[in-house]
**Student:** 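Following this message is one structure expressed as structure tokens.
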Amino acid sequence: MSSSEVWDEDIATRYDASSAEMFTPEVIDPTVDFLAGLAGSGPALEFAIGTGRVAVPLTARGVAVTGIELSEPMAAQLRQKDPELPVVMGDMATTRVPGEYDLVYLVFNTISNLRTQAEQVECFRNAARHLKPGGRFVIELWVPAIRRMPPGQSAVPMSLGDGHLVFDTYDLATQACASHHYFTEPDGTTRYAAGNFRYIWPAECDLMAQLAGLEFEARYADWHRAPFTADSESHVSVWRKPA
């Protein structure tokens with residue numbers, strides 16, 4: 001069983017609204033452009049497809065997308081948008097889907113939902129198993145904000161938007177972290193939710209890829225292919241399966 005938390009129906013029904021900023025054209029369009037360019041005329045596989053935030057518009061671009069999803073309620077939300085998009089229920093570290101793909105991708109920090117290093121390594125290996133020779137594995141992942149923490153501090157504010165506050169807490173010994181969400185409801189009450197993760201450094205991702213037999217190809221700061229620097233807060237990384 002995966003160590004990922006399985007999102008329930010309450011989270012699934014709220015997901016699109018609570019992540020509305022991730023559904024805007026400014027976010028989706030460059031993501032889809034990037035992935036469609038790598039997939040070309042071949043099929044793509046999305047790990048942790050969720051409610052189809054990326055898969056649905058990518059399918060509309062002519063890419064044949066299949067998904068793997070751990071949460072049945074999240075998959076149910078996707079089926080309401082596109083009943084024909086194939087989704088296999090299971091975890092992204094071990095679930096096998098028939099066929100080979102030109103592109104496997106994993107977005108919005110989701111590989112960190114796997115809370116052990118061993119499972120994260122298996123996720124890279126699972127991507128490699130699904131790729132055709134010459135195919136690519138792409139992940140979008142945040143860079144841990146540990147530099148923001150002075151000595152003795154364990155929490156970092158990640159988002160201070162109106163109606164939604166997020167604070168991340170880190171365990172530097174285990175690379176475990178938790179995101180604490182505080183939502184202001186319409187009636188003025190506050191709703192709390194938390195998610196648990198394991199953060200991964202970019203160089204650690206490269207080693208996981210190497211263990212899976214993948215070769216590093218490129219790393220960018222975002223989907224627009226901005227240069228990745230020491231100050232980048234996230235990265236989009238690409239590895240290739242040797243031909």
Side-chain angles (χ1 to χ4, degrees), residues 1-24 27-39 42-115 119-120 122-132 135-142 195 197 223 234 236-239:
M1 181 63 184
S2 168
S3 64
S4 294
E5 295 173 337
V6 182
W7 291 1
D8 60 20
E9 187 168 353
D10 181 61
I11 294 176
T13 55
R14 296 175 184 265
Y15 181 81
D16 287 11
S18 65
S19 304
E21 72 281 0
M22 298 300 295
F23 287 79
T24 64
V27 173
I28 290 295
D29 290 351
T31 305
V32 171
D33 288 345
F34 188 106
L35 296 173
L38 291 184
L45 175 64
E46 180 172 357
F47 286 176
I49 196 171
T51 67
R53 179 182 68 92
V54 173
V56 171
L58 188 57
T59 299
R61 287 282 296 272
V63 178
V65 180
T66 299
I68 293 174
E69 175 55 43
L70 186 62
S71 166
E72 178 59 46
M74 293 288 281
Q77 294 293 316
L78 166 58
R79 294 187 192 106
Q80 292 181 23
K81 302 174 186 178
D82 187 344
E84 303 302 319
L85 201 159
V87 179
V88 176
M89 302 308 301
D91 72 273
M92 57 185 145
T94 63
T95 300
R96 187 72 170 88
V97 176
E100 291 185 318
Y101 295 83
D102 289 275
L103 174 68
V104 177
Y105 66 95
L106 180 54
V107 298
F108 201 13
N109 309 321
T110 310
I111 190 171
S112 60
N113 286 11
L114 296 168
R115 291 183 285 170
E119 285 177 307
Q120 291 167 349
E122 285 305 310
C123 182
F124 273 81
R125 287 177 172 149
N126 201 29
R129 284 192 290 269
H130 284 92
L131 286 172
K132 297 177 182 177
R136 294 173 173 91
F137 181 39
V138 177
I139 68 166
E140 175 190 25
L141 184 61
W142 95 104
F197 311 96
W223 295 105
S234 64
V236 175
S237 296
V238 184
W239 298 272

**Student:** With a 4.5 Å limit on heavy-atom distance, are the side chains of L35 and W223 in contact?
**Tutor:**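 Yes. Closest side-chain heavy atoms under 4.5 Å.
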**Student:** Less than 4.5 Å apart, side chain to side chain, heavy atoms only: is that true for F47 and T95?
**Tutor:** no
**Student:** Any heavy-atom pair between the side chains of L70 and N113 that's under 4.5 Å?
**Tutor:**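 Side-chain contact under 4.5 Å: no.
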**Student:** Which distance, rounded to the nearest 0.5 Å, do you find between the OG of S234 and the CG of N109?
**Tutor:** 7.5 Å
**Student:** Can you tell me how far apart CD1 (I68) and NE2 (H130) are? Round to the nearest 0.5 Å.
**Tutor:**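 That separation rounds to 4.5 Å.
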**Student:** Tell me which donor-acceptor pairs under 3.5 Å the side chains of residues 98-107 have, and how far apart each pair is, sequence neighbours excluded?
**Tutor:**
residue: Y101; atom: OH; partner: P98; partner atom: O; Å: 3.3
residue: D102; atom: OD2; partner: K132; partner atom: NZ; Å: 3.1
residue: Y105; atom: OH; partner: E46; partner atom: OE1; Å: 2.7

**Student:** Could you give the distance from CG (L131) to CZ (F137), rounded to the nearest 0.5 Å?
**Tutor:**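 One finds 8.0 Å between CG of L131 and CZ of F137.
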**Student:** Hey, could you give me each pair passing salt bridge (Lys or Arg N to Asp or Glu O under 4.0 Å) that has a residue in residues 60-76? Not counting sequence neighbours.
**Tutor:** D33-R61, E72-R79
**Student:** Looking only at atom types and distance, does a side-chain atom of E140 sit under 3.5 Å from a main-chain N or O of V236, one as donor and one as acceptor?
**Tutor:**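 Side chain of E140 to backbone of V236: no pair is present.
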**Student:** If I compare all heavy atoms of A93 with all of E119, which pair ends up nearest, and what's the gap?
**Tutor:**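 Distance-wise, the nearest heavy atoms are CB-O, 3.7 Å.
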**Student:** Taking atom types as modelled, find out whether D91 and T94 have a side-chain donor-acceptor pair closer than 3.5 angstrom.
**Tutor:**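 Checked: D91/T94 side chains pair up, N/O donor to acceptor below 3.5 Å.
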**Student:** Run I28 and R53 through side-chain contact (heavy atoms from CB on, under 4.5 Å) and show every step you take.
**Tutor:** CA-CA 8 Å; I28 290 295; R53 179 182 68 92; 3.6 Å; yes
**Student:** Just by distance, do the side chain of S19 and the backbone of D16 share a donor-acceptor pair under 3.5 Å?
**Tutor:** no
**Student:** For the residue pair P57 and G52, what are the closest heavy atoms and their distance?
**Tutor:** CD-O, 3.7 Å
**Student:** Just how far is it from atom SG of C123 to atom CG of L114, taken to the nearest 0.5 Å?
**Tutor:**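 Separation between the atoms: 5.5 Å.
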**Student:** If only atom types and distance count, is the side chain of R136 paired as donor or acceptor with the main-chain N or O of V238 below 3.5 Å?
**Tutor:** no
**Student:** What closest approach, in Å, do L85 and G67 show between heavy atoms, and which atom pair accounts for it?
**Tutor:** CD2-N, 4.5 Å
**Student:** Show the numbers, then the answer: is there a side-chain contact (heavy atoms from CB on, under 4.5 Å) between F108 and V54?
**Tutor:** CA-CA 10 Å; F108 201 13; V54 173; over 6 Å; no
**Student:** When V65 is tested against each of L58, L45, D82 for side chain to side chain contact (heavy atoms under 4.5 Å, CB included), which residue passes?
**Tutor:**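 With V65 as partner, L58, L45, D82 yield a single side chain to side chain contact (heavy atoms under 4.5 Å, CB included), made by L58.
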**Student:** Under the 3.5 angstrom rule, does the side chain of S71 hit a backbone N or O of M74 as a donor-acceptor pair?
**Tutor:** yes
**Student:** Look only at the side chain of S112 and the backbone of F197, and say whether a donor-acceptor pair between them is shorter than 3.5 Å.
**Tutor:** no
**Student:** To the closest 0.5 Å, what do you measure between CG (L141) and OG1 (T110)?
**Tutor:** 9.0 Å
**Student:** CD/E9 to CD/Q77 distance, rounded to the nearest 0.5 angstrom?
**Tutor:**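 E9 atom CD to Q77 atom CD measures 8.0 Å (nearest 0.5 Å).
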